[in-house]
Structure formats: C-alpha cells, structure tokens
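Read the structure below first, then the notes.
Here is how names work: the chains are called A, B, and so on, in the same order as the sequence lines, proteins then strands, and each is numbered from 1. Small disclaimer: the values here were computed from a predicted structure and weren't measured.
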Protein chains: 2
Amino acid sequence: MGSSPKTGTSPAVIRVLTVDDHALIREGVAALIANQKDMSLVGEASHGREAIEQFRSHRPDVTLMDLQMPEMNGIDALIAIRSEFPEARIIVLTTYAGDALCKRAMKAGAQAYILKGNVRKDLLDTIRAVRAGKKFIHAEVAAELASHATDDSLSEREIEVLSLIAAGSSNKLVADQLAISEDTVKGHVKNILSKLGVNDRTHAVTAALKRGIIEL
Amino acid sequence: MGSSPKTGTSPAVIRVLTVDDHALIREGVAALIANQKDMSLVGEASHGREAIEQFRSHRPDVTLMDLQMPEMNGIDALIAIRSEFPEARIIVLTTYAGDALCKRAMKAGAQAYILKGNVRKDLLDTIRAVRAGKKFIHAEVAAELASHATDDSLSEREIEVLSLIAAGSSNKLVADQLAISEDTVKGHVKNILSKLGVNDRTHAVTAALKRGIIEL
DNA sequence: CTTCCGACACCTCAAAAGAGGGATGCAGGT
DNA sequence: ACCTGCATCCCTCTTTTGAGGTGTCGGAAG
C-alpha cells in the first residue's frame with residue numbers, strides 16, 4: 001500500500017453514517033469527520049427506523065450507531081441492517097459500558113463497541129480500522145466483559161421476570177402477569193440471584209441495570 | 001429597553017463555556033455556537049474541577065453544565081461557581097429528566113435545565129434567554145416536576161439508606177454500616193416507601209433511579 | 001417558648017422472600 | 001437414543017420485609 005499506482009480502495013474517502021437521537025452528538029461527529037481528509041459524512045439518523053432508510057439510500061462504508069433510541073433501538077436496527085446488507089460495517093457508539101449490552105451488539109453483528117466518553121482518539125482510528133475489516137472493543141468495556149466471562153447469561157424468561165420485579169412486582173404479581181405459578185417465579189428468582197452473584201432481588205435489579213441486562 | 005441607542009450589552013457577543021465529560025458533546029456545542037454571530041465559545045471543561053478553573057479565567061456570560069461527570073459532578077461545580085460568582089448564569093444540559101436532579105440543580109442556582117435530546121432549537125434560545133436573565137426548564141422535565149409536586153422529598157438520611165439498599169444491603173447490613181439499630185432502618189424504609197408511593201424496596205430503588213434521587 | 005420534624009429506638013404480627021430439597025416435560029443438539 | 005438446558009410445579013424451613021403502633025430527643029422554625 002503506497003508504492004503501487006492503482007484502483008485505490010484505500011485512498012478513497014470513507015463514507016460515514018451517524019445514528020444518534022442526540023442532535024448534539026451527531027453535530028459533534030459531523031464536526032470531527034469534517035476535519036478528516038479521508039472521511040465524509042453521508043447521512044444522519046435520529047432513531048433506528050430512520051437509520052435503516054438512510055443506510056438503504058446511502059450505503060455508507062461505516063455506520064456509527066447509538067443504542068437506546070426512541071422508535072427503534074440500536075440493536076434492532078443493527079440486526080435489520082445486517083440482515084439486509086450482511087457486509088455492513090457498524091460501530092456501536094454508546095454511553096453504557098454494560099457487558100451484556102456489548103455482547104448482544106457484537107452477536108448482532110457489530111464490528112466495534114466504543115464509549116462516547118473517551119472518544120478523542122478512538123473514534124477516528126476505529127472508523128479506519130473497521131473499514132479495513134478489523135474489530136474493536138473499548139478497553140473499559142472489554143474489562144467488564146472479562147470480569148463476567150465465567151458466569152452464564154440470563155435466559156429470556158429470567159430477564160422477563162427480572163424486568164417485572166424491577167417494575168415493582170412481587171413474586172405473586174409476576175406469577176399472575178406471566179400466568180405461571182408463584183413457585184416457578186421463585187425458581188427463576190433463585191437462578192437469577194445465583195447467576196448474578198447477589199443475595200437479594202433488589203441487588204439483582206441494580207446489578208442487571210449496571211450490566212445492561214435490563215433497562216429502567 | 002430596546003429603543004434607546006446605547007452601551008449595547010445586548011449586541012455584544014455572548015461568551016459561552018461548555019462543561020461535559022463527553023468530547024463529542026463539547027464538539028457539538030462548539031459547532032452549534034460557531035454558527036451563531038452573537039455567540040462565542042470561550043472555554044471547555046471535561047469535569048467539575050476544570051469547570052471552576054475555566055470559569056475563573058474566562059468569566060463566561062453563560063455556562064453549559066452537564067451533571068454526572070468524573071472528578072467533580074455538575075451540581076457541586078455549580079454550587080462552587082455560584083458561591084464564588086453569584087451572578088454566574090449556568091444552564092444545566094443533561095440526559096436525565098429526573099425531577100429530583102432538576103430540583104437540586106435549580107436550588108443550587110442553575111438558571112435553566114434542558115435535555116440533550118431535544119436540543120435543536122432549545123439550546124440557542126435558552127442561552128440567549130438566560131443571558132437576558134430569564135429562567136427555563138425543559139417541558140419534559142417540567143412535566144416530571146409537576147407530577148411529583150405534592151410528594152415531599154427524601155431526607156439526607158433516607159437517601160443514604162436507600163443507596164445502601166440499592167447496593168445490595170439488607171436492613172441489618174444497613175444498620176451495621178450506619179451504626180444504628182435495625183429498627184431505625186426499618187423506620188426509614190417505611191418512610192421511603194410511603195414518600196415514593198411504592199410497596200417494596202426494589203421498586204423504591206428503581207423509582208428513585210428514574211427520578212434522579214439516587215445513582216447507580 | 002412551644003411546635004414540628006427528623007432520627008432514633010422498641011414492640012408485635014403477617015406476609016414475602018430466600019435456601020434447601022426433588023420432580024416433570026419439552027426442545028435442541030450429539 | 002441420550003444428554004443438557006430450560007421452564008414448569010411442588011414441599012419445607014428460616015430469614016427478611018413491611019404494616020401496625022409508641023415513644024424519646026434535639027434542632028429548626030414558628
């Protein structure tokens with residue numbers, strides 16, 4: 001790369017799409033990219049549905065995707081885009097360092113997961129790396145990921161139960177809402193506590209919130 | 001004020017300081033302000049301590065302050081700046097719509113409280129309004145505020161107890177950590193449940209998180 | 001100087017939650 | 001066919017929580 005005079009996929013500008021419900025963030029990304037000779041912002045979207053439309057019409061080389069947006073969240077948009085365009089290169093750019101969120105995003109086909117906090121140098125480097133086909137997970141998140149490497153993740157049902165508990169339901173109420181017996185709920189709760197390594201339901205909820213397993 | 005031809009405090013540019021731990025947000029603010037003829041960005045800070053320094057050296061007309069930053073949070077920075085410069089005009093610019101957070105910020109001397117989400121038009125208008133001495137609270141937050149207008153807020157001690165509960169402590173453990181009797185803790189918990197309008201400790205924690213009374 | 005409120009403490013009692021055990025059926029993969 | 005994970009249900013037992021009610025003490029506000 002460099003001496004050969006040719007087609008030049010490398011020297012071509014990287015076409016970027018930014019997806020974030022916060023206008024300020026999109027503005028920041030736009031400003032950052034405007035200063036790069038090898039990049040160009042080709043579109044913006046403020047939620048998942050719009051992201052899909054923008055992707056269809058612009059076919060960006062790299063997409064910066066926030067999670068937690070109105071209308072349609074980033075994970076769902078990620079899945080939708082990747083199912084339609086399997087070669088899509090998508091970087092998750094979020095505030096949350098939860099390991100569960102990161103796992104879901106990477107499983108959904110994200111190429112990188114970085115935090116809005118320490119973006120200074122990471123963002124631009126990551127865009128270039130991802131365009132080149134590499135993957136990247138922010139160190140802070142990677143540490144989270146590593147610290148929970150051993151413990152198995154919650155099942156769909158367990159997440160459902162835990163969400164209802166977080167919303168203020170007792171075991172009996174959860175049982176009613178899910179149309180199962182209270183004993184079954186207790187069984188689920190026991191597994192949840194064990195998997196999260198906590199001793200009571202309240203701590204289970206806060207631990208799951210920290211890790212991005214459930215939302216408020 | 002308006003028809004008289006004079007000193008011109010109004011036509012002068014509004015000098016703005018932006019405080020946010022997210023570089024992208026600062027970048028976005030900078031880009032937005034750069035397009036306004038009547039505004040000029042005079043400084044940036046990524047946490048509370050730096051905000052105080054920057055305020056001292058630049059004396060901005062208006063300061064945009066995020067809450068929840070490392071080193072020193074926005075509320076504390078707000079208080080510190082306002083105690084040193086009582087005329088300081090500070091706009092809280094945050095992601096969180098919790099009414100408790102807003103109440104604390106306004107009590108600490110903030111002139112406005114707006115959300116990063118719907119910034120498009122609000123931000124610039126708010127900067128001008130605040131410079132002119134007006135106050136402003138984002139509609140979404142105001143609604144939150146109104147919906148909790150009647151219920152009294154938690155005492156310091158109650159917040160302390162609730163935080164420990166959120167961290168996974170039983171009543172007995174909370175009692176040990178605060179060096180009080182378990183019965184007293186139960187008394188506090190009872191008041192907490194009553195004030196927050198919930199039936200159990202887990203819901204109390206999630207309700208308090210939503211309202212910005214405690215943090216994760 | 002009262003009056004009110006918050007923090008503190010003690011009591012009883014019923015309901016919920018958590019720890020222990022075991023058992024069934026069903027789906028997916030080997 | 002077998003095994004494993006998951007969801008489901010049942011039982012017993014102890015601990016924790018939450019709902020009642022009462023009272024003291026100190027400080028802040030009236």
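Looking only at side-chain heavy atoms (C-beta outward), A/I25 and B/K116 stay at 4.5 Å or farther from each other. Side chains of A/L178 and A/V185 form no contact here, defined as non-hydrogen atoms less than 4.5 Å apart. Contact check for B/T126 versus B/L93: no side-chain heavy atoms found under the 4.5 Å cut-off.
The side chain of A/D183 lies closest to D/dC11 when the candidates are D/dC6, D/dC11, D/dA19. Relative to the side chain of B/I180, the nucleotides C/dC10, C/dC8, C/dA19 differ in distance, and C/dC8 lies closest. Closest contact between the side chain of B/N171 and the listed nucleotides C/dG6, C/dC10, D/dT17 involves D/dT17. Out of D/dC10, D/dG18, C/dG6, the shortest distance to the side chain of B/K195 is found at C/dG6. Out of C/dA16, C/dC8, D/dT17, the shortest distance to the side chain of B/T184 is found at C/dC8. Of the candidates D/dT17, D/dA7, D/dC10, the closest approach to any side-chain atom of A/H188 belongs to D/dA7. Nearest nucleotide to the B/E158 side chain, out of C/dA17, D/dT8, C/dA7: C/dA7.
Of the residues B/K186, B/E182, B/R201, the one that meets the side chain to side chain donor-acceptor pair (under 3.5 Å) test with B/N171 is B/R201.
Of all the heavy atoms in B/S155 and B/E158, the pair that sits closest is N-OE1, 2.8 Å.
Against DNA chain C, the stretch residues 200-209 of chain A makes heavy-atom approaches under 4.0 Å through A/D200, A/R201.
One finds no side-chain N or O of A/S170 lying less than 4.0 angstrom from the OP1 or OP2 phosphate oxygen of C/dA15.
In terms of polar N and O atoms assigned as donor or acceptor, the side chain of B/K190 comes within less than 3.5 Å of the base of D/dG20 in a complementary pairing.
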